[in-house]
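What follows is a short report on a single structure.
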Amino acid sequence: MRILLGVSGGIAAYKAVLLLRLLREQGHAVRVIPTRAALEFVGAPTFEALSGEPVSTEVFDDVPGVQHVALGQHADLVIVAPATADLMARAAAGLADDLLTTTLLAARCPVVLAPAMHTEMWDHPATRANVATLRERGVHVIEPASGRLTGKDTGPGRLPDPEEIAREALSLVDPALVEQSLVEPVETPAAAATENLDLAGRRVVVSAGGTREAIDPVRFIGNRSSGRQGVALAQAAAARGAVVTLVAANLAADVTDQVLTGPRPCSVVQVESTAELREAVRAAGAEADVVVMAAAVADFRPAATPDAKIKKVPGQGPAPIQLVENPDILAELAHERLRADQVVVGFAAETGDATGSVLDHGRAKARRKGADLIAVNAVGSGRGFGTESNEVTILDGAGDVVGLASGTKREVADALWDAVAKLLP
Ligand code: CTP
């Protein structure tokens, strides 16, 4: 495959070198187009030596070859890694002030941007709007990973690992390429033969953890979800070859670390409130084959959140907290369908009561929410939340039982992916 690797000017440009080597090792022809700023971080000779092709940044180099159009026209895939906030702003505006941006305008093949920047820049409304514009136009913008950034800060904005960028980008052109590249370098022949890669080339989003609704700057309404089932789902999907985004609501650091490390790390987007979780799930879900809502989402939030801490007035008793209803993210996803053929999966944590059993409530929820699958589990009395194992009954949208799973959360996760895999086109 003929790949153009754009590199814009951020500290993560060094990872573009690793990505270049990886793509070359997989047999692809790669031409690197750095911006001027990228060459402040990595020199042109490095890119030239590893790609075996000339490197230029300007449209005025090789004018007779009309390379500012020719490169984009003849490429099978364009990857920009890292894509800085500036590069994405220029691409969204359709500017063409260097070789990389002219190439992006000329390219008619899949274009993948792997952003890397500080969390504040990633979260800025200007960047969010540029990313939304690019995605609307069909550009595939990879969710940045979460983790240690250049300084002491951590958060979303880190360039995903080169293996993950390659996997996500190649899967857009041909999922079979991903299967090959996953199996060849890391697995022994025996392991490869038994490995299940039925989700290779699929993009999945899993929400996990419990949302927190602020009462004031120091207090919140939360729940007991540890996020372990969601993390097990993310890990299981990654192990089966999927490109996974975990939307993590208030997970403990050691739980999040489980999906950031290992041979197939997931992208992580950290969120706190239901509103943040909804935005993150919908952003990543726009391009996903599967969305699994494993997070425990608060049904209500305080109607107002004062900027200052609420003070106790002695003798006056507690001030009432007025609550308003949160949107039902799962029901929205199920009814809207952000993408054709998307499989939407929910959870129902039930206790059973005088009005019905755990399964009765699960069936009613399956029909009400409109999801393709609902995993029903009994909670309370030491079951479900925070435990190492789980037991679920998998229902389809009509409330009929299509699977049963019990064991470790990873075993339950694999059983759920088995049910999902049967629904994928
Ligand atoms: N869910 C959601 N948005 C909400 C509430 C729940 O997306 N505002 C999702 C959860 O992630 C889960 C499923 O819906 O996948 C079931 O959540 P649950 O709290 O059990 O359902 P509710 O609709 O809140 O029903 P109830 O609390 O009455 O049992």
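Counting starts at 1 for both ligands and their atoms, following the listed order. Excluded from the calculations below are hydrogen atoms, water molecules and symmetry mates; all remaining heavy atoms, backbone and side chain alike, are included.
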>> Donor-acceptor pair, distance only, cut-off 3.5 Å: does the side chain of R90 make one with the backbone of G94?
In response: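 Side chain of R90 to backbone of G94, a donor-acceptor pair under 3.5 Å: no, none is there.
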
Considering heavy atoms of the protein only, find what lies nearest to [atom] and give residue, atom and distance to 0.1 Å.
atom                    : value
atom 28 (O) of ligand 1 : R368 NH2, 4.5 Å
atom 27 (O) of ligand 1 : D299 OD2, 3.1 Å
atom 14 (O) of ligand 1 : K369 NZ, 2.9 Å
atom 7 (O) of ligand 1  : L330 N, 2.8 Å
atom 3 (N) of ligand 1  : I329 N, 3.1 Å

> Got a salt bridge between D396 and R363, using NZ or NE/NH1/NH2 to carboxylate O under 4.0 Å?
Replying inline: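 Not counted as a salt bridge, because no side-chain N and carboxylate O are separated by less than 4.0 Å.
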
> Under the side-chain contact (heavy atoms from CB on, under 4.5 Å) test, which residues partner T84, sequence neighbours left out?
Replying inline: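 Partners of T84 by the side-chain contact (heavy atoms from CB on, under 4.5 Å) criterion, ordered by chain and then number, come out as S8, D86, L87.
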
Polar side chain donor-acceptor pair, [X] to [Y], under 3.5 angstrom:
X    : Y    : answer
T211 : E272 : no
D299 : N326 : no
D353 : T355 : yes

> With side chains defined as the heavy atoms from C-beta onward, is the minimum distance between M293 and V206 less than 4.5 Å?
Replying inline: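 The answer is no; the side chains never approach within 4.5 Å.
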
>> For a 4.5 angstrom cut-off between non-hydrogen side-chain atoms, does I142 reach V112?
In response: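 Yes, at least one pair of side-chain atoms sits under 4.5 Å.
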
Work out whether the distance between some heavy atom of [X] and some atom of ligand 1 is less than 4.0 Å.
X    : value
A371 : no
R278 : no
E325 : no

I'd like to check which ligand 1 atoms, numbered from 1 as shown, lie under 4.0 Å from a non-hydrogen atom of [X].
X    : result
D328 : 1 (N), 2 (C), 3 (N), 4 (C), 7 (O), 8 (N), 23 (O)
A295 : 10 (C), 11 (O)
G346 : 15 (O)
K365 : 16 (C), 18 (P), 20 (O), 21 (O), 22 (P), 25 (O), 26 (P), 29 (O)
M293 : 7 (O), 11 (O), 12 (C), 15 (O)

> Given V297, V292, V291, T211, which one has a non-hydrogen atom that is nearest to atom 4 (C) of ligand 1?
Replying inline: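 Nearest option to atom 4 (C) of ligand 1, by heavy atoms: V297.
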
>> So, taking the atom named NE2 in H74 and the one named CZ in R31, what distance separates them when rounded to the nearest 0.5 Å?
In response: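 Going from the NE2 atom of H74 to the CZ atom of R31 covers 12.5 Å.
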
>> Minimum heavy-atom separation for H361 and G352, please, with both atom names.
In response: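 Closest approach of H361 to G352, heavy atoms only: CD2-CA, 4.0 Å.
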
Backbone or side chain, does any N or O of [X] fall under 3.5 Å from an N or O of ligand 1?
X    : value
F347 : yes
P327 : yes
A348 : no

>> Please classify the A296 to ligand 1 contact at 4.0 Å (heavy-atom distances, strictly less than): side chain, backbone, both or neither.
In response: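 No part of A296 comes within reach of ligand 1.
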
> Is R202 close enough and on-axis enough to W417, meaning under 6.0 Å and within 45°, for cation-pi?
Replying inline: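 Not flagged: R202 not positioned over aromatic ring of W417.
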
